[in-house]
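All chains are named by letter (A, B, ...) in the order of the sequence lines, taking the proteins before the strands, and each is independently numbered beginning at 1. Because the structure is a prediction, the values reported are computed rather than measured.
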Amino acid sequence: MAGAAGQVRGRALRRFPITLPVGDVSICEGAVVKTNTNAEKTDEEEKGNTAQSLPSLTRTASRAKYLVDNTNQVEVLQRDPNSPLYSVKSFEELRLKPQLLQGVYAMGFNRPSKIQENALPLMLAEPPQNLIAQSQSGTGKTAAFVLAMLSQVEPANKYPQCLCLSPTYELALQTGKVIEQMGKFYPELKLAYAVRGNKLERGQKISEQIVIGTPGTVLDWCSKLKFIDPKKIKVFVLDEADVMIATQGHQDQSIRIQRMLPRNCQMLLFSATFEDSVWKFAQKVVPDPNIIKLKREEETLDTIKQYYVLCSSRDEKFQALCNLYGAITIAQAMIFCHTRKTASWLAAELSKEGHQVALLSGEMMVEQRAAVIERFREGKEKVLVTTNVCARGIDVEQVSVVINFDLPVDKDGNPDNETYLHRIGRTGRFGKRGLAVNMVDSKHSMNILNRIQEHFNKKIERLDTDDLDEIEKIAN
DNA sequence: AAAAAAT
């Protein structure tokens with residue numbers, strides 16, 4: 001049952017604000033209007049907010065509908081004011097194909113998550129809608145776009161119809177697993193991994209209906225090698241979309257791939273963070289984007305206790321880490337380093353101390369990387385020493401501790417707030433509690449930490465690693 | 001600086 005609001009058309013909207021099934025959401029036609037029943041902000045702040053968060057929309061989307069739910073958690077901008085926007089409270093309402101619904105329940109999902117409630121009806125609408133969605137890690141983004149891909153796919157057609165790009169090899173494998181699980185009741189459906197090391201015979205065309213891959217390989221498969229006919233792609237997904245379109249990230253390749261796709265191809269961009277300039281760029285490259293923002297950054301950070309350890313050198317950081325070691329192996333931990341070199345050094349040093357640790361960085365062979373992440377997932381490895389390759393998206397439920405052996409900085413040496421949030425988001429997933437420890441070893445890195453602290457407006461407390469009682473306390 | 005390519 002799609003509910004009455006599902007059938008509501010523009011005509012009715014002109015006369016009354018309509019209450020949607022999701023709480024007390026109301027929608028207004030015309031200019032971008034924010035209706036917030038808990039409005040505490042002044043008009044000025046409100047205007048400032050809207051202009052900042054949705055910059056180009058006030059100018060171009062005069063017919064769009066903008067709404068905020070009563071908890072102030074979800075912001076939606078809907079392009080077509082006539083299409084029936086509503087949110088769903090159950091997967092049945094989406095009228096998915098039976099095999100797909102079966103897959104959803106087989107994965108243990110009972111009800112749509114907050115982002116899914118709003119994103120799914122939009123993505124499944126006819127004709128297909130483009131979407132830029134932002135919601136923090138662990139809120140069900142992957143399942144959302146996998147569902148969108150699987151509902152559009154035609155298993156009888158033996159060519160790629162859905163294409164998903166991931167920033168790293170490990171994330172592509174992880175997302176691929178979700179696609180396989182959710183699509184397992186389609187007997188004909190096949191998935192291809194367009195990742196480094198997956199070599200195909202020249203001149204071949206691939207028959208798999210869904211392709212998941214990393215940008216370089218996908219670009220090759222679409223252009224030079226012609227394994228994929230990009231003109232037949234119906235759904236294009238960018239996972240961790242902010243890095244995929246960032247100048248510093250994979251922008252070139254992502255955009256080159258995007259340009260090969262047909263005009264009517266559905267574009268779906270998902271990420272936990274969007275830095276301002278990237279956010280603007282996203283709205284430029286995606287035609288008529290619908291926008292969903294699930295804002296609750298603080299809540300994520302509230303479930304993660306953040307500390308810092310003051311040291312004066314790399315060796316002291318290593319000592320402090322050894323002191324922490326007893327506490328962090330309680331469940332599983334990830335230790336982030338700035339370079340591949342530091343990561344392999346640290347892993348070697350920890351091994352020398354008799355600790356069992358795993359190492360994962362981009363300099364390793366893909367086969368080895370797949371084996372390491374698999375062992376970590378299975379819990380055979382408790383501690384993973386890694387680089388930013390694992391900063392995003394990697395989802396291992398037992399990870400309760402994240403250690404920034406080096407703080408995240410960009411190429412100019414400025415704090416990388418987005419990466420910080422992504423890294424510590426590896427813990428505290430699905431509402432679980434997490435612990436993040438930052439290692440500071442100089443005035444410079446203390447300054448970086450202070451700026452990160454200010455950015456999130458969240459106190460990061462000092463931790464004394466010589467005080468065993470204190471370590472005991474934070475571990476529980 | 002890391003990631004991403006059959007370059």
Side-chain angles (χ1 to χ4, degrees), chain A residues 163-176 192-206 211-228 230 237-258 260 271 273 275 278 314 334-347 359-370 372-373 384-394 404-423 426 441 444-445 448:
Chain A
L163 177 59
C164 176
L165 293 189
S166 296
T168 64
Y169 173 71
E170 284 75 15
L171 192 56
L173 295 191
Q174 177 177 288
T175 307
Y193 290 88
V195 293
R196 191 157 63 184
N198 193 357
K199 299 188 176 170
L200 278 74
E201 220 170 286
R202 281 203 174 270
Q204 193 183 331
K205 279 256 188 262
I206 65 168
V211 177
I212 167 105
T214 42
T217 309
V218 169
L219 184 57
D220 274 359
W221 284 24
C222 286
S223 55
K224 207 176 70 187
L225 303 170
K226 304 234 188 308
F227 292 154
I228 300 172
V237 179
L238 291 180
D239 192 8
E240 302 296 339
D242 59 336
V243 261
M244 299 312 288
I245 59 167
T247 330
Q248 294 289 343
H250 305 288
Q251 188 183 82
D252 278 13
Q253 291 168 323
S254 300
I255 297 302
R256 281 174 67 191
I257 294 164
Q258 187 216 358
M260 288 187 259
S271 184
T273 59
E275 194 249 328
V278 177
R314 189 175 76 166
M334 293 174 92
I335 306 177
F336 288 97
C337 300
H338 190 48
T339 66
R340 300 166 168 192
K341 212 175 136 198
T342 310
S344 67
W345 168 83
L346 182 59
L359 171 68
L360 182 55
S361 87
E363 67 187 347
M364 293 157 59
M365 306 254 283
V366 281
E367 297 80 11
Q368 209 180 350
R369 288 169 61 168
V372 170
I373 197 78
L384 185 68
V385 179
T386 187
T387 62
N388 274 344
V389 69
C390 287
R392 288 163 174 271
I394 300 301
N404 286 320
F405 191 79
D406 299 311
L407 297 176
V409 291
D410 62 19
K411 70 173 207 318
D412 305 315
N414 291 316
D416 187 343
N417 298 314
E418 278 71 35
T419 301
Y420 183 83
L421 191 61
H422 279 278
R423 278 188 186 178
R426 297 311 96 217
D441 66 354
H444 177 66
S445 56
I448 303 276

Between P on B/dA4 and CG on A/Leu171, what's the gap in Å once rounded to a whole number? 11 Å
Listed nucleotide nearest any side-chain atom of A/Thr339, set B/dA2, B/dA6, B/dA3: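 Nucleotide nearest to A/Thr339's side chain: B/dA2.
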Look at all strands and tell whether A/Leu200 reaches a base, only sugar-phosphate, or nothing, counting heavy atoms closer than 4.0 Å.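 Contact class for A/Leu200: base.
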Round to the nearest Å and state the distance from A/Tyr420 atom OH to B/dA2 atom P.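 Rounded to the whole Å, the gap is 21 Å.
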Near DNA chain B, counting only heavy atoms under 4.0 Å, which residues of residues 407-417 of chain A show up?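 A/Lys411, in order of number.
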What is the separation between atom CD on A/Glu240 and atom P on B/dA4, rounded to the nearest whole Å?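 The distance from CD of A/Glu240 to P of B/dA4 comes to 13 Å, rounded to the nearest Å.
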Hey, could you give me the CD1/CG distance between A/Ile373 and A/Leu384, rounded to the nearest 0.5 Å?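 Going from CD1 on A/Ile373 over to CG on A/Leu384, the span is 6.0 Å.
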Below the 4.0 Å mark, does B/dA4 have OP1 or OP2 next to a side-chain nitrogen or oxygen of A/Arg196?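 A/Arg196 to B/dA4 OP1/OP2: side-chain N or O found under 4.0 Å.
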Distance-minimising heavy-atom pair for A/Lys226 and A/Lys205: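 In terms of heavy atoms, the two residues are closest at O-NZ, 2.9 Å.
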Which of these nucleotides, B/dA1, B/dA6, B/dA3, is closest to any side-chain atom of A/His338?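 Of all the options, the side chain of A/His338 is nearest to B/dA1.
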Please determine whether a side-chain nitrogen or oxygen atom of A/Arg392 lies at a distance below 4.0 Å from atom OP1 or OP2 of B/dA4. no
What's the CD-P distance between A/Gln251 and B/dA2, to the nearest Å?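 Atom CD in A/Gln251 sits about 21 Å away from atom P in B/dA2.
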Tell me, please, which residues at least two apart from A/Ser445 pass side chain to side chain donor-acceptor pair (under 3.5 Å).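 A/Ser445 satisfies side chain to side chain donor-acceptor pair (under 3.5 Å) with A/Asp441, A/Ser442 once adjacent residues are dropped.
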Reckon A/Ser361 has a side-chain N or O less than 4.0 Å from the OP1 or OP2 of B/dA2?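 Checking B/dA2 against A/Ser361, no side-chain N or O comes under 4.0 Å of OP1 or OP2.
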Using the salt bridge (charged side-chain N to carboxylate O under 4.0 Å, His left out) rule, collect all pairs that involve residues 241-258 of chain A, keeping only residues at least two apart or in two chains.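 Passing the test, one end in residues 241-258 of chain A: A/Asp242-A/Arg392.
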More than 12 heavy atoms from other groups under 6.0 Å of NZ on A/Lys341: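 Count not over threshold, so no.
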Could you label the plane-to-plane angle of the A/Phe405 and A/Trp345 rings as parallel, tilted or perpendicular, counting under 30° as parallel and over 60° as perpendicular?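 The arrangement is tilted - the two ring planes meet at 30° to 60°.
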Starting at NZ of A/Lys341 and ending at P of B/dA1, how long is that distance when rounded to a whole Å? 11 Å
Rounded off to whole Å, could you give me the CG-to-P distance for the A/Asp239 and B/dA3 pair?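 Atom CG in A/Asp239 sits about 18 Å away from atom P in B/dA3.
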Looking for any heavy atom pair under 4.0 Å, which part of the strands does A/Phe227 touch: base, sugar-phosphate only, or nothing? base
What pair of heavy atoms forms the shortest contact from A/Val389 to A/Ser361, and how long is it?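 Shortest heavy-atom contact: CG1-CA, 4.2 Å.
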The side chain of A/Arg340 is closest to which nucleotide in this list: B/dA1, B/dA4, B/dA3? B/dA3
Please report, rounded to the nearest Å, how far the C1' atom of B/dA3 is from the CG atom of A/Leu165. 14 Å
Tell me the interatomic distance from A/Tyr193, atom OH, to B/dA4, atom P, rounded to whole angstroms.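 In whole Å, B/dA4 P lies 16 Å from A/Tyr193 OH.
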